[in-house]
Protein chains: 2
Amino acid sequence: MELYHLRTFVAVAEEKHLTRAAERLFTSQPAISAHIKALEETLGVTLFDRTPKGMRLTRVGEELLPRARQALAAASAVMQHAKGLQDELIGSVRIGLNTDARFLRLTALQAALSANFPRLEVSMLTGSTGTNVPAVRVGKLDGAFVTGEIDDPTLSVCYLCDEPLIVAAPTAFREQITSTDVAALARLPWVFTSPDCSHYRAMRVLFEAHCCEPVRTLIANQEDALVEMIRAGVGLGIVRKGALPADDPLAYELPVALAPAPLQFVHLKKRDNDPVIRAVVQALCAVWDIGTPQDQVREAG
Amino acid sequence: MELYHLRTFVAVAEEKHLTRAAERLFTSQPAISAHIKALEETLGVTLFDRTPKGMRLTRVGEELLPRARQALAAASAVMQHAKGLQDELIGSVRIGLNTDARFLRLTALQAALSANFPRLEVSMLTGSTGTNVPAVRVGKLDGAFVTGEIDDPTLSVCYLCDEPLIVAAPTAFREQITSTDVAALARLPWVFTSPDCSHYRAMRVLFEAHCCEPVRTLIANQEDALVEMIRAGVGLGIVRKGALPADDPLAYELPVALAPAPLQFVHLKKRDNDPVIRAVVQALCAVWDIGTPQDQVREAG
DNA sequence: ACGCGCCATCACAATTTCCGAAGACGCGAA
DNA sequence: TTCGCGTCTTCGGAAATTGTGATGGCGCGT
């Protein structure tokens with residue numbers, strides 16, 4: 001028994017004629033006849049009395065008709081519900097973070113997403129550029145914030161802004177620091193970031209340009225931890241300019257030129273057309289006030 | 001969208017593998033794949049995430065699954081209900097009567113029918129042999145009691161018993177009746193039945209055998225009316241033996257030999273295998289204590 | 001008696017569905 | 001890394017189902 005049997009059953013019961021039911025269902029009268037016959041055979045009952053004036057429901061048919069309608073309505077409800085769902089974005093998205101929430105404008109992102117896609121569940125998961133990239137690659141994250149150049153052909157990258165980086169020094173070091181010559185600074189203790197972190201790369205670029213290697217004092221991979229270490233006098237470090245207040249009494253910025261690091265959002269390139277990804281990218285573009293996603297998403301490498 | 005799409009959808013959702021779902025549904029795996037693909041296309045949504053380990057329900061799929069189950073259950077309810085109905089006799093049957101209820105053992109017939117077929121609606125409609133036969137022929141009655149030979153190839157006849165017929169005379173006529181010679185009796189007034197009635201034929205047979213024609217005084221086509229006329233002294237008449245009490249003070253039986261009239265039940269021959277007809281015939285056989293229906297139903301003519 | 005409308009049946013065509021094989025892909029073990 | 005395994009998808013052709021138009025039977029009304 002299939003739905004078309006029931007559709008035909010109901011149509012014939014309502015029209016009381018195979019001919020009219022056939023017209024209503026845009027098919028031929030023999031087809032309708034066959035449907036009814038097949039249905040009667042599989043159900044093992046007679047649904048209609050055949051009269052010269054048409055088809056009249058049997059008592060059994062009368063009992064079965066409302067149930068057939070109910071089955072059709074249930075099937076229709078599936079279609080209906082699907083129709084309602086097909087444009088709505090439903091599902092979950094896991095976004096990896098690589099620095100603090102405020103800098104990433106997460107509240108605005110969340111607001112934009114929940115306004116446009118109220119049924120999308122968003123998970124913001126802390127991490128770092130170094131951990132986020134492989135997580136996106138293996139599907140543990142749907143997308144992630146990263147800093148610095150990404151060189152992976154399987155990823156799509158969406159540029160958001162440039163993060164200015166600075167060399168920060170503890171106020172306690174002020175008298176030891178006689179010049180901002182990099183080679184001289186390299187002899188002082190430095191707070192490292194883990195190789196995961198994008199700042200690590202900036203640091204390597206800086207010192208490799210001057211052919212020197214700083215003393216590795218401590219490793220921190222969380223920006224606020226890094227800043228705290230610097231302020232506590234553990235050593236110098238590279239941080240986002242925004243992470244260090246201008247009037248901080250315990251640390252200050254050294255006038256060393258550092259290339260800014262680009263803040264970006266990455267996701268698997270093969271999911272470029274995934275509606276969830278498009279939704280997130282669209283929200284990001286609104287939050288960061290950049291153009292249409294198409295203009296901004298470019299291939300990595 | 002057809003039911004098999006939903007069946008496959010539910011099976012795949014439960015088995016989480018096209019392969020296993022295919023086994024469960026006794027079909028091939030590409031067929032299952034096509035079902036899901038077609039369903040997703042018609043619904044306009046993605047129901048499953050394809051993973052190397054199998055199929056995982058999408059959030060949308062999860063929302064749709066219970067509704068799909070509901071539709072299948074509703075369809076199954078139609079089947080179930082039909083199964084329950086297919087052996088039960090449902091409908092109505094109209095039976096024509098040709099004489100009084102007690103003689104036809106109607107209470108016993110009704111009891112037998114309602115015991116075996118509680119959902120069968122039985123209508124007992126008064127009439128006469130002459131009106132019943134055409135009513136059965138055109139379908140106004142499903143079956144009827146008739147008396148006398150029926151000569152219609154479209155009807156099936158079920159013999160029930162012989163009705164003894166008698167010539168009844170008013171007690172007031174006793175002195176006028178000097179002999180039981182039919183020709184002499186024919187000169188007295190007679191209460192006729194209508195030509196519809198089976199007794200009419202008996203009367204014609206009687207008088208034609210003696211080449212005489214009685215005086216037609218009155219016509220009654222209801223047996224109790226007939227008896228009342230006779231008892232009132234209107235004339236002689238032919239009645240069922242049981243319709244005239246042996247000790248009736250107003251009428252008595254004349255010793256005239258009359259062939260008994262067979263009481264029978266007739267129905268359209270083409271409905272021999274109609275379950276409703278079979279049910280009625282079966283009940284009649286039980287009530288009249290005759291053999292199986294097959295043995296008793298014989299062709300008319 | 002005839003035409004009309006209804007449904008059932010038939011043979012054949014159109015469509016759909018199904019199947020087996022081959023391909024793509026990710027995963028895990030060697 | 002490479003191979004084998006299991007998964008789903010796709011493909012072409014076969015099989016089954018469904019649909020079509022013509023035909024016939026039947027009852028009814030003109």
Side-chain angles (χ1 to χ4, degrees), chain A residues 1-9 11-42 46-58 61 134-140 153-154 268-271 274, chain B residues 1-9 11-42 46-58 61 134-141 153-154 268-271 273-274:
Chain A
M1 185 182 75
E2 291 300 332
L3 283 176
Y4 68 86
H5 291 124
L6 299 180
R7 279 190 277 264
T8 299
F9 172 37
V12 172
E14 285 174 3
E15 300 287 350
K16 304 195 204 311
H17 292 273
L18 292 193
T19 318
R20 291 183 209 159
E23 285 173 15
R24 174 163 138 189
L25 297 175
F26 303 106
T27 181
S28 68
Q29 174 264 324
I32 298 299
S33 179
H35 291 177
I36 297 297
K37 182 176 179 181
L39 184 58
E40 286 182 331
E41 260 171 41
T42 66
T46 302
L47 296 171
F48 293 96
D49 281 334
R50 276 71 168 174
T51 79
K53 293 203 261 257
M55 310 282 279
R56 205 185 56 239
L57 269 180
T58 299
V136 169
R137 208 144 35 196
V138 303
K140 287 198 184 305
T154 71
L268 280 179
K269 190 190 294 182
K270 67 177 171 188
R271 292 184 64 189
D274 184 321
Chain B
M1 185 182 74
E2 291 299 331
L3 283 177
Y4 69 87
H5 290 124
L6 299 181
R7 279 190 277 265
T8 299
F9 172 36
V12 172
E14 285 174 2
E15 300 286 349
K16 304 195 204 310
H17 292 273
L18 293 193
T19 319
R20 290 181 211 161
E23 287 173 15
R24 174 163 138 187
L25 297 175
F26 303 106
T27 181
S28 69
Q29 176 265 327
I32 298 299
S33 178
H35 291 178
I36 297 297
K37 182 177 178 181
L39 185 58
E40 286 182 330
E41 260 171 42
T42 67
T46 301
L47 297 171
F48 293 96
D49 282 333
R50 277 70 167 174
T51 78
K53 294 204 261 261
M55 311 282 278
R56 205 184 57 241
L57 268 180
T58 299
V136 168
R137 210 144 34 198
V138 303
K140 288 198 182 305
L141 292 176
T154 70
L268 280 179
K269 189 190 295 180
K270 67 179 172 189
R271 292 184 65 189
N273 290 317
D274 185 321

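Below, read A as the first sequence line, B as the second, and so on, with proteins coming before strands; counting in each chain starts at 1.
- Among residues at least two apart or in separate chains, side chain to side chain donor-acceptor pair (under 3.5 Å) pairs with a member in residues 25-39 of chain A are A:Thr8-A:His35.
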List every contact pair, protein side and nucleotides 16-23 of chain C side both N or O, where the distance is under 3.5 Å.
| unit_1 | atom_1 | unit_2 | atom_2 | d |
| --- | --- | --- | --- | --- |
| C:dT17 | OP1 | B:Tyr4 | OH | 2.2 |
| C:dC18 | OP2 | B:His35 | NE2 | 2.6 |
| C:dC19 | OP2 | B:Thr27 | OG1 | 2.6 |
| C:dC19 | OP2 | B:Ser28 | N | 2.9 |
| C:dC19 | OP2 | B:Ser28 | OG | 2.8 |

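- The distance between atom CD1 of B:Ile36 and atom C1' of D:dT10, rounded to the nearest whole Å, is 16 Å.
- A donor-acceptor pair is defined here as one N or O able to donate and one able to accept, closer than 3.5 Å; such a pair exists between the side chain of A:Arg50 and the backbone of A:Phe48.
- To the nearest angstrom, P of D:dT18 lies 13 Å from CZ of A:Arg7.
- Using a 4.0 Å cut-off between charged nitrogen and carboxylate oxygen, B:Arg7 and A:Glu2 count as a salt-bridge pair.
- Taking each heavy atom of B:Leu47 and B:Leu39 in turn, the nearest pair found is CD1-CD2, 3.6 Å.
- In this structure, CZ of B:Arg137 is placed 18 Å from P of D:dC26, rounded to the nearest angstrom.
- Look at CG on B:Asp49: it is 18 Å from P on D:dT7, rounded to the nearest Å.
- Rounding to the nearest 0.5 angstrom, the gap separating the OH atom in B:Tyr4 from the CG atom in A:Leu3 is 10.5 Å.
- For the pair B:Ser33 and D:dT9, the criterion of a side-chain N or O lying under 4.0 Å from OP1 or OP2 is met.
- Both B:Pro52 and A:Pro52 lie near DNA chain C, and the one whose nearest nucleotide falls closer to the 5' end is A:Pro52.
- Note: B:Thr19 OG1 to B:Met55 CE = 10.0 Å, rounded to the nearest 0.5 Å.
- Separating the NZ atom of B:Lys37 from the C1' atom of D:dC8 is a distance of 12 Å, rounded to the nearest angstrom.
- For the atom pair B:Glu23 CD and B:Glu15 CD, the distance stands at 8.5 Å (nearest 0.5 Å).
- Distance, A:Leu268 CG to C:dG26 P: 11 Å, rounded to whole Å.
- Of the side-chain N and O atoms in B:Arg50, one or more sit less than 4.0 angstrom from OP1 or OP2 of D:dT9.
- Within residues 15-23 of chain B, the residues having any heavy atom closer than 4.0 Å to DNA chain D are, in order of number, B:His17, B:Leu18, B:Thr19.
- In this structure, B:Glu41 places its CD atom 12 Å from P of D:dT9, rounding to the nearest Å.
- Remark: the backbone N or O of B:Thr46 is not paired with any side-chain donor or acceptor of B:Glu40 at under 3.5 angstrom.
- Taking atom CZ of B:Arg56 as the reference point, atom C1' of D:dC8 lies 15 Å away to the nearest angstrom.
- In plain terms, the two heavy atoms of B:Phe9 and B:Ile36 that are nearest each other are CA-CD1, 3.8 Å.
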